[in-house]
Trainee: 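To start, I am sharing the structure in question, which I have written as structure tokens.
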Amino acid sequence: MSIRLDRYLAESGFYTRREASKLIRAGGVSVNGVPLRDPAEKIPEDAAVTAEGRELGFRRTRWIMLSKPAGYVSTTEDDPKSVMKLLPEQLRRVGLFPCGRLDIDTTGLLILTSDGAAAHNLLSPRHHCEKVYSFTCLPIGEEQRHKLEEGVELSDFTSAPCRVEMKDPEHGEIVLTEGKYHQIKRMFQAVGSEILTLERIRFGGVPLDPSLAPGEWRELTEEEISLLTEPRTKKG
Ligand code: URA
């Protein structure tokens, strides 16, 4: 299969078609080591393409870390409030799935991948992938904290045992390996409290990058991708 050079660059997710054409004409793109200047030139899909010194891969699997702000929903549908609106247009076309949903008012780490099988695997309860959330809540005492850790009975299921560490009666962190609808909010309601703010700060072994402001994103590093995709020797 062959593909136009400008489309290859656009499909890589790094450039719009217009940026790609400009860059190609300026001599910034080489294919198999040879600079090409015609955006319409057809190249094999498996060619080695370098643009501005960066190796691009056509339809390579994409892994994105997004710092989700409040007010956005984690769906891929064409909703004006979709987290996809925070990504550049060319990245919205590579088939990203969010690894687990966050409520509209929940902030923090959202991982998106174009590897549907990996996303499914990470979300499977058998995978025991830890998700860590920092929260503020109506004050709770030791007895309520203990109940949350043991597992609480909700209308449709009983939450699995988990870890809850309190910094003070209104601030803490909770580590879950499951992710049911509104789970944390419902767990706190079940013990007579209420979640006031909720932020996901870690997904598996990958923490939220503190340099990302809400609404900003970056690609995962190779190391972070391995932490999510390679068989683990310990929980994380
Ligand atoms: N639990 C919730 O209640 N909301 C989230 O967004 C994530 C976990």
Side-chain angles (χ1 to χ4, degrees), residues 64-77 79-87 96-113 118-140 144-167 169-210 212-217 220 228 235-236:
I64 305 295
M65 168 187 295
L66 171 71
S67 174
K68 180 190 169 298
Y72 284 83
V73 290
S74 13
T75 56
T76 49
E77 278 127 51
D79 180 319
K81 290 193 206 133
S82 162
V83 287
M84 301 304 280
K85 299 281 189 250
L86 299 164
L87 302 176
L96 293 173
F97 305 87
C99 294
R101 294 193 170 182
L102 294 177
D103 296 338
I104 189 161
D105 53 351
T106 301
T107 59
L109 178 57
L110 188 65
I111 288 181
L112 299 114
T113 177
H120 183 78
N121 198 22
L122 280 169
L123 296 173
S124 144
R126 273 183 296 117
H127 197 78
H128 295 298
C129 175
E130 285 189 351
K131 272 89 55 180
V132 185
Y133 297 81
S134 161
F135 59 82
T136 58
C137 62
L138 293 184
I140 61 169
Q144 288 158 299
R145 189 196 66 81
H146 188 66
K147 271 196 200 157
L148 289 166
E149 283 201 330
E150 276 191 319
V152 289
E153 210 178 304
L154 302 173
S155 57
D156 51 345
F157 79 110
T158 301
S159 61
C162 66
R163 294 201 309 277
V164 180
E165 278 170 28
M166 299 304 295
K167 294 190 172 78
E170 294 165 77
H171 298 87
E173 286 183 11
I174 180 165
V175 185
L176 293 187
T177 52
E178 47 187 6
K180 300 264 176 22
Y181 184 65
H182 291 337
Q183 177 160 345
I184 299 174
K185 291 176 184 161
R186 290 161 68 202
M187 287 169 68
F188 275 70
Q189 271 166 7
V191 299
S193 174
E194 192 182 318
I195 286 289
L196 302 177
T197 62
L198 190 59
E199 180 188 22
R200 182 151 67 196
I201 55 172
R202 180 160 69 76
F203 190 99
V206 178
L208 175 63
D209 182 337
L212 291 180
E216 289 183 346
W217 63 278
L220 290 195
L228 296 176
K235 285 194 174 181

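Counting starts at 1 for both ligands and their atoms, following the listed order. Predicted model, so just to flag it, every value in this text is computed and none were measured.
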Trainee: Got the closest protein heavy atom to atom 1 (N) of ligand 1, with its distance?
Mentor: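 That would be Ile184 N, 3.2 Å.
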Trainee: So for atom OH, which belongs to Tyr72, do other residues, nucleotides or ligands contribute more than 12 heavy atoms lying within a distance under 6.0 Å?
Mentor: no
Trainee: Find out whether Lys81 and Lys85 are in side-chain contact, i.e. whether some heavy atom of one side chain is under 4.5 Å from a heavy atom of the other.
Mentor: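 Of all side-chain heavy-atom pairs linking Lys85 with Lys81, none is under 4.5 Å.
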Trainee: Look at atom 4 (N) of ligand 1 and say which protein heavy atom is nearest, naming residue and atom and giving the distance to 0.1 Å.
Mentor: Asp103 OD2, 2.7 Å
Trainee: Side chain, backbone, both or neither: which part of Leu198 has a heavy atom under 4.0 Å from ligand 1?
Mentor: side chain
Trainee: With atoms numbered from 1 as shown, which atoms in ligand 1 lie under 4.0 angstrom from a non-hydrogen atom of Leu102?
Mentor: 6 (O)
Trainee: Any idea which atoms of ligand 1 are less than 4.0 Å away from a heavy-atom of His182?
Mentor: 2 (C), 3 (O)
Trainee: In this structure, are over 12 heavy atoms from other groups packed under 6.0 Å from Glu178 atom CD?
Mentor: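 Yes, because the 6.0 Å sphere around CD of Glu178 holds more than 12 heavy atoms from other groups.
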Trainee: Can you tell if the side chain of Glu170 reaches within under 4.5 Å of the side chain of Thr136, non-hydrogen atoms only?
Mentor: no
Trainee: Would you mind reporting whether Leu112 and Pro98 have side-chain heavy atoms less than 4.5 Å apart?
Mentor: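 Yes, at least one pair of side-chain atoms sits under 4.5 Å.
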Trainee: Show which atoms of ligand 1 fall inside a sub-4.0 Å distance from at least one heavy-atom site of Thr106.
Mentor: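 What qualifies from ligand 1 is 4 (N), 5 (C), 6 (O).
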Trainee: Relative to the heavy atoms of Tyr133, which atoms of ligand 1 are at a distance of less than 4.0 Å?
Mentor: 7 (C), 8 (C)
Trainee: So Arg186 and Ser155, do their side chains get closer than 4.5 Å, heavy atoms only?
Mentor: yes
Trainee: Would you say Lys180 and ligand 1 have an N/O pair spaced under 3.5 Å apart?
Mentor: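 Between Lys180 and ligand 1 (N or O atoms, distance only) the closest approach is not under 3.5 Å.
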